[in-house]
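Predicted, not measured: the structure shown is a model, and the values here were computed from it. Note on naming: letters A, B, ... go to the chains in the order of the sequence lines (proteins, then strands), and numbering restarts at 1 for each one.
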Amino acid sequence: MKSKGFLPLAAATVSLLCTLGWAQGGAPVVVGLTNPVTGAAASFALPERQGVEMAVEEVNQAGGVLGRPIRLAVADNRCNPTEGVQTVNRLINEEKAVVIIGAFCSSVSLAVMPVVKRSEIPFVIDVSTAPSITGLSGRKGNNAWAFRISVSDDGMAKALVEHLAARTSWRRIAIIAEDTDYGRGGTRAFSEHAKRLGVTIAATETFTQATPDFTSLITKLVSAKPDAIAVYMLGADMANFMKQYEAWGGKIPITGRFDPALLSPEQIKRGFVDGSIGVLPYSPEVDTPANRRFAGDYRKRFNAEPMFQSAYGYEAVYMIADAIKRAGKVDAAAIRDALEKSRYQSMLGVELQFDEHNQAHNNAVILLLKDGKISIVALQRT
Amino acid sequence: MDPILLLQQLANGLVMGSIYAMIAVGLALIFGVLDIVNFAHGELYMIGAMATWFVAERIGLGYLQSIPVTTLIGLVLGYAVYRLVRDTGGSIERAIILTTGLAMVLQSSAMLLWSATPREVHFPAATGLFELGPVVMPRVRAIAFVAAAGCIALLYVFLHHTHLGRTIRAVAQNPRAAAMVGINAHAAIRLAVITGVVLAVLAGTLLAPMYAVHPVMGLGFLVKAFAIVIIGGMGSLLGAAVVAIGLGSFESLSSLWLSAVAAEAITFVLMIAILLVRPQGLFGRSARL
């Protein structure tokens, strides 16, 4: 009986001591996180939550903010705009969150933005990439409460094309994109930056998602004789396109939103599309001290590679903690003003500042596939 | 217009058409004898491709050795589909729900068993390019064209020049009259359904080395096969084959002037227009099977 009673007693004592300890430092500062905990997007949002949790724990271990711990309140928006609005209202009214991170899916972030403006609570968008968010944020976008640290699809295209124009001899590029917001947005952004930098778009092809056969498109792309083919497509379509492009003897390198790691190891070993250049928002291989430490701790803790969601969720918490410290008080308006003046050294080696649209311009990671190896060739400002 | 590019796209279109035909004739065959649309047809094709990957790559038997195994899987699945749909008693709703349900079961099972990761099937003998004058194509596509054309020719000979095949046609044309002259309609229907399913599964095996293999690969072809069977005249094999070749060529040639998305829209506008003018399809009931 005695041994059975010991554990609960010990636990009660520890929790009592903890409560007393925190009570001395003041009530916790509540940071809300709205993202899809369930539903189709949940598996992609898990790394984001892990990054956020890891940062909150680290900040608390280092003494919290203004002597108070951060408490994370998570609400499940299931990647649904309506539920996104409900979660934000709940986080603000019931959990008393003073700042909110979210909302993962771009459509949900866009739905939440007017709500945080009305409630006057700072909202840090850490993962959503839709270009339209930029125009609707910041004092210039008439919503001073919305901040974005994630790189928009437009920013990714800008970084990539600037790299291609400056560092390669490619002057004619063909585009193939899926017929979705993602594909059309990518095509538009890539074409605009190409035009600005004197790169010719040799052909633009679109296809319906889940198209089984790319033969006629590949024939057309190749007959346009481009220096490279920019791809804007996702998952299985990408794998299917690459498989067929290889069978057609594809020699022209690939670029665009291309992650060489998505090729099969055999394809890479065979030297397929050697010389391709892709762009990613983040890579655990980026060699800065801060990123090495983050990636190492993350792997140890979660037994998984950190994704861009993890890194951006992690840095969102640190930027918020930094703003609260500079604000000197836990007050939504003061935190917003402090966020606006942020100067935060990102793990990707650039000082993050918000522009007049409250958009931070982090580095993007430029990757090269050469001789069967994928390497980071540049960090390019978005 | 570059004549070589024109010739190239025509060749691409013929290959594409033969692939469409292989998938569509099975759908038309099943509709012909049972008057039901098999919504699981695309998933049966997917199972063929995924089973090929499993046998050839995961177990490591090799591509050609996987063909007998997938044929066997096709026979078993064919019988299962037959048992599932044989008693629908002409109820269209029941058939739609049953085959849609089957499609979901097949797709979810494939995800559960093999995950959604796109897979690669290797056919080492078919790598490289096949050249015929100025026309070039991957060797694996040339082989697929010959095999698909062969399958369809065999099916034609089977239906028109063997006793068993003739019983299927008889049942498709008039089940009651067929029964009156002593044909076992159940056996004929069973044979037709199994043949249709085996064709879908074998199409999966045939195309596995050409495409990324994953649990949702069936969807794209299913939509095309529906359009083909409807334009061709529900249940008409000749119609399905002719329209399939026509559609493949149209898509390929039109891509010289139109975007792929526009060509797809035109295909379905064409389908609606043909149904308005000829509700029975181009090769309607009179020429069934």
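Inspection of non-hydrogen atoms places no residue of residues 106-115 of chain B under 4.5 Å from chain A. Scanning residues 262-273 of chain B against chain A with a 4.5 Å heavy-atom cutoff picks out B/Glu264, ordered by number. Contact residues of residues 236-245 of chain A toward chain B are A/Ala236, A/Ala239, A/Asn240, A/Lys243, A/Gln244 (heavy-atom distance under 4.5 Å). Of all residues spanning residues 173-192 of chain A, those with a heavy atom less than 4.5 Å away from chain B's heavy atoms are A/Asp179, arranged by number.
Heavy-atom contacts from other residues, nucleotides or ligands closer than 6.0 Å to CZ of A/Arg78 number 12 or fewer. For A/Phe44, the CZ atom is loosely surrounded, since the number of other residues' heavy atoms within 6.0 Å does not exceed 12. Residue B/Met137 qualifies as enclosed at atom CE: its count of foreign heavy atoms under 6.0 Å is above 12.
Top candidate by heavy-atom pairs under 4.5 Å with chain A, chosen from B/Ser254, B/Gly220, B/Ala116, is B/Gly220. In terms of heavy-atom pairs under 4.5 Å with chain B, the best-connected choice from A/Glu205, A/Arg270, A/Gln209, A/Glu246 is A/Arg270. Top candidate by heavy-atom pairs under 4.5 Å with chain A, chosen from B/Met217, B/Lys224, B/Glu120, B/His214, is B/Glu120.
When heavy atoms are compared at a cutoff of 4.5 Å, B/Leu258 approaches chain A solely by way of its backbone atoms N, CA, C and O. There is no contact between B/Val216 and chain A, counting heavy-atom distances below 4.5 Å. Both the backbone and the side chain of A/Thr206 come within less than 4.5 Å of a heavy atom of chain B. Heavy-atom distances place both the backbone and the side chain of B/Met210 under 4.5 Å from chain A. Within the 4.5 angstrom heavy-atom criterion, only side-chain atoms of B/Met16, from C-beta onward, approach chain A. When heavy atoms are compared at a cutoff of 4.5 Å, B/Ser255 approaches chain A by way of both its backbone and its side chain.
In this structure, the separation between CZ on A/Phe214 and CG on B/Asn12 is 14.5 Å, given to the nearest 0.5 Å. Atoms CG and CZ, on A/Asp213 and B/Phe221 in that order, are 6.0 Å from each other to the nearest 0.5 Å. Remark: B/Ser259 OG to A/Lys220 NZ distance equals 7.0 Å, nearest 0.5 Å.
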Given side chain to side chain contact (heavy atoms under 4.5 Å, CB included), test A/Ser216 with B/Gln9 step by step and report yes or no.
CA-CA 7 Å; A/Ser216 57; B/Gln9 289 290 37; 3.7 Å; yes
Please assess B/Leu5 against A/Thr219 for the test side chain to side chain contact (heavy atoms under 4.5 Å, CB included), listing each intermediate value before the final yes or no.
CA-CA 8 Å; B/Leu5 188 61; A/Thr219 308; 3.8 Å; yes
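Minimum heavy-atom separation, A/Leu217 to B/Ala260: CD2-CB, 3.9 Å.
Residues B/Arg119 and A/Glu266 are not paired through a salt bridge, judged by the lack of any N-O separation under 4.0 Å between the basic side chain and the carboxylate.
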